[in-house]
Protein chains: 2
Amino acid sequence: MDTAPPSALPSAATPGKTEGLRDRKRRETMQRIADTGLRLFMENGFEATTLDAIAAAAGIARRTFFYYFKSKEDVLLAWQGSGFVEAIGPALRQEPTDQSPLAAARHCLLTLVARFETKVAIAADALLRSTETLRARKLAKMVDMERDLAQVMAERWPDRPPEDVRMAAMLAIGALRLAQEDWRRDHAAHPDTARPLADHLNATFALLDRQVPPVQGEERP
Amino acid sequence: MDTAPPSALPSAATPGKTEGLRDRKRRETMQRIADTGLRLFMENGFEATTLDAIAAAAGIARRTFFYYFKSKEDVLLAWQGSGFVEAIGPALRQEPTDQSPLAAARHCLLTLVARFETKVAIAADALLRSTETLRARKLAKMVDMERDLAQVMAERWPDRPPEDVRMAAMLAIGALRLAQEDWRRDHAAHPDTARPLADHLNATFALLDRQVPPVQGEERP
DNA sequence: TCCAATATCGCACTCAGTGCGAATTTACGC
DNA sequence: GCGTAAATTCGCACTGAGTGCGATATTGGA
């Protein structure tokens with residue numbers, strides 16, 4: 001039914017090897033659980049959907065569910081932007097280093113955001129707001145993204161002091177979060193004429209620039 | 001045993017009235033639960049401490065616990081900086097408005113941080129890092145602070161565009177979060193010679209200024 | 001003093017998540 | 001092919017958090 005695949009299987013990935021039957025089945029099962037879970041969540045809500053319902057609908061035993069996911073929440077979390085979290089590191093590695101880390105982050109976030117603004121991601125995001133702990137865990141994921149971002153930045157801009165790149169990562173993810181809030185509000189107020197997330201992200205970064213204009217060889221894209 | 005009181009009772013506060021016996025007992029009971037909970041958490045860890053243990057040690061029935069707290073997590077969350085979250089709004093209202101919102105936030109955070117760097121707050125904070133959901137919910141609380149901050153800023157600097165003050169609030173709380181990370185790392189590495197949180201907060205704001213120098217009538221304190 | 005609101009409590013229940021271990025399936029070297 | 005080790009699936013029983021319901025006690029105020 002759905003397109004974008006969740007990630008992160010229990011055991012470590014085997015990079016070079018060709019994927020055997022075992023791995024394929026595992027991936028398929030995990031995907032099936034994730035699909036089923038999201039579908040049931042959308043139909044009945046997150047809390048009203050029991051683990052047993054997911055397991056039954058996915059054709060596995062209750063106990064097997066926990067072999068693939070640590071918790072019910074993790075099923076939904078796996079749809080967090082449908083791979084956005086995992087894509088951001090690699091995306092930043094593609095960026096040229098003749099721009100500032102913040103400008104690079106801005107550019108690659110704009111690209112990613114456009115790629116991941118799908119129906120499924122939007123539905124999952126709405127569900128992510130239905131519970132206190134889910135809202136909280138989404139924030140935790142953004143902090144994870146911030147850490148990854150800072151990590152990659154530190155690798156690619158080794159000349160810049162680490163505190164600077166960490167600050168840049170914080171600014172970038174903070175801007176992303178504010179932009180997402182605006183975007184959601186926009187959609188709630190004008191469901192038809194709402195602008196894409198990328199627009200809001202641009203506006204938020206522009207705001208950041210204004211409040212805090214670029215320095216030292218930073219350019220605006 | 002402890003000093004700082006958790007807050008937020010079930011029913012709304014009665015501002016002008018003198019506090020009757022009923023209210024006092026309620027506050028006492030809630031405080032006793034919070035104290036007992038924190039003590040047991042510190043002794044045995046968060047997950048190893050059951051609700052029944054807290055209820056028994058606090059001298060109440062298991063069912064009564066849920067009359068005061070929504071969940072076990074909330075007992076610990078109530079110690080979040082021991083009132084820091086609630087103090088930030090009022091503190092910002094005291095700040096003069098001839099400085100920029102960000103500068104004001106910086107100043108009042110510096111003050112608060114010094115006031116709330118207590119043994120209890122530190123212990124509670126360590127416990128808040130022992131579980132994924134607790135970590136996440138702490139972040140959620142910081143976002144709540146960000147919202148409150150933006151709210152008060154909007155009231156007190158009505159001339160500034162709301163997006164600007166929200167961005168300023170994001171920057172301030174983001175800086176607070178990074179500073180707290182540094183401070184914790186500092187304590188982990190040099191338990192004896194570690195610098196106070198206020199120092200790290202100063203450093204982080206300085207970094208923010210550098211990455212993003214102040215504009216438009218902003219001054220450094 | 002009586003009434004209504006608040007507070008305390010017990011009971012039974014649902015559901016998430018875990019520990020243990022058995023049964024099954026797959027990968028892989030021989 | 002064959003056998004072994006590892007990975008996967010599953011059932012069962014258990015703990016513990018949180019809820020719904022309703023009964024009882026306590027308190028504030030008319």
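Order of the sequence lines fixes the chain letters, A, B, ..., with proteins taken first and strands second; residue numbering starts at 1 for each chain.
- At a threshold of 4.0 Å, the pair E146(B)-R177(A) counts as salt-bridged, since one of the basic side-chain nitrogens sits closer than that to a carboxylate oxygen.
- Contact check of residues 46-59 of chain A against DNA chain D (heavy atom, cut-off under 4.0 Å) returns no residues at all.
- The aromatic rings of F84(A) and F116(A) sit perpendicular to each other, their planes meeting at more than 60°, with 30° as the lower class boundary.
- The OH-P distance, from Y67(B) to dA23(D), rounds to 18 Å in whole Å.
- Per the geometry, CG belonging to L40(A) stands 14 Å off P belonging to dC15(C), to the nearest Å.
- Atom-to-atom, CD1 of I33(B) to C1' of dT8(C) comes out at 11 Å; the value is rounded to the nearest Å.
- Picking from dA17(D), dA16(C), dC9(C) the nucleotide with the shortest atom distance to the side chain of F66(A) gives dA16(C).
- Here dA17(D) presents its P atom at 15 Å from CZ of F69(B), a figure rounded to the nearest Å.
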Show the atom names and distances, to 0.1 Å, of all donor-acceptor pairs under 3.5 Å that link a side chain in residues 189-204 of chain A to residues at least two apart or in another chain.
from    : atom 1 : to      : atom 2 : distance (Å)
H200(A) : NE2    : D186(A) : OD2    : 2.8
T204(A) : OG1    : H200(A) : O      : 2.8

Based on Watson-Crick and G-U pairs with both distances under 3.5 Å, what dot-bracket line describes DNA chain D 5' to 3', crossing pairs as [ ] and inter-strand pairs as |?
-> ||||||||||||||||||||||||||||||
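- No donor-acceptor contact under 3.5 Å links the side chain of R63(A) to the base of dG21(C).
- A heavy-atom distance below 4.5 Å is found between the side chains of V113(A) and L176(A).
- With rounding to the nearest 0.5 Å, the separation of CG in L77(A) from NZ in K72(A) is 13.0 Å.
- Rounded to an integer number of Å, the gap from CG of L134(A) to P of dA16(C) is 13 Å.
- In terms of the side chain to side chain donor-acceptor pair (under 3.5 Å) criterion, Q94(B) has no residue partners (sequence neighbours excluded).
- Closest to the side chain of I60(B), from the set dT9(D), dC9(C), dA17(D), is dC9(C).
- Distances from the side chain of R26(B) to the nucleotides dC10(D), dA7(C), dT9(D) place dA7(C) closest.
- K25(A) places its NZ atom 15 Å from the P atom of dT24(C), with the value rounded to the nearest Å.
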Kindly list each side-chain donor-acceptor pair under 3.5 angstrom involving residues 49-56 of chain B, sequence neighbours excluded, with atom names and distances?
from   : atom 1 : to     : atom 2 : distance (Å)
T49(B) : OG1    : L40(B) : O      : 3.3
T49(B) : OG1    : G45(B) : O      : 2.6
T50(B) : OG1    : A53(B) : N      : 3.1
D52(B) : OD1    : R62(B) : NH1    : 3.4

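- Take N44(A) and apply the side chain to side chain donor-acceptor pair (under 3.5 Å) test, not counting sequence neighbours, and it matches no residue.
- Taking every side-chain heavy atom of K72(A) into account, dG17(C) is the closest of dC9(C), dA7(C), dG17(C).
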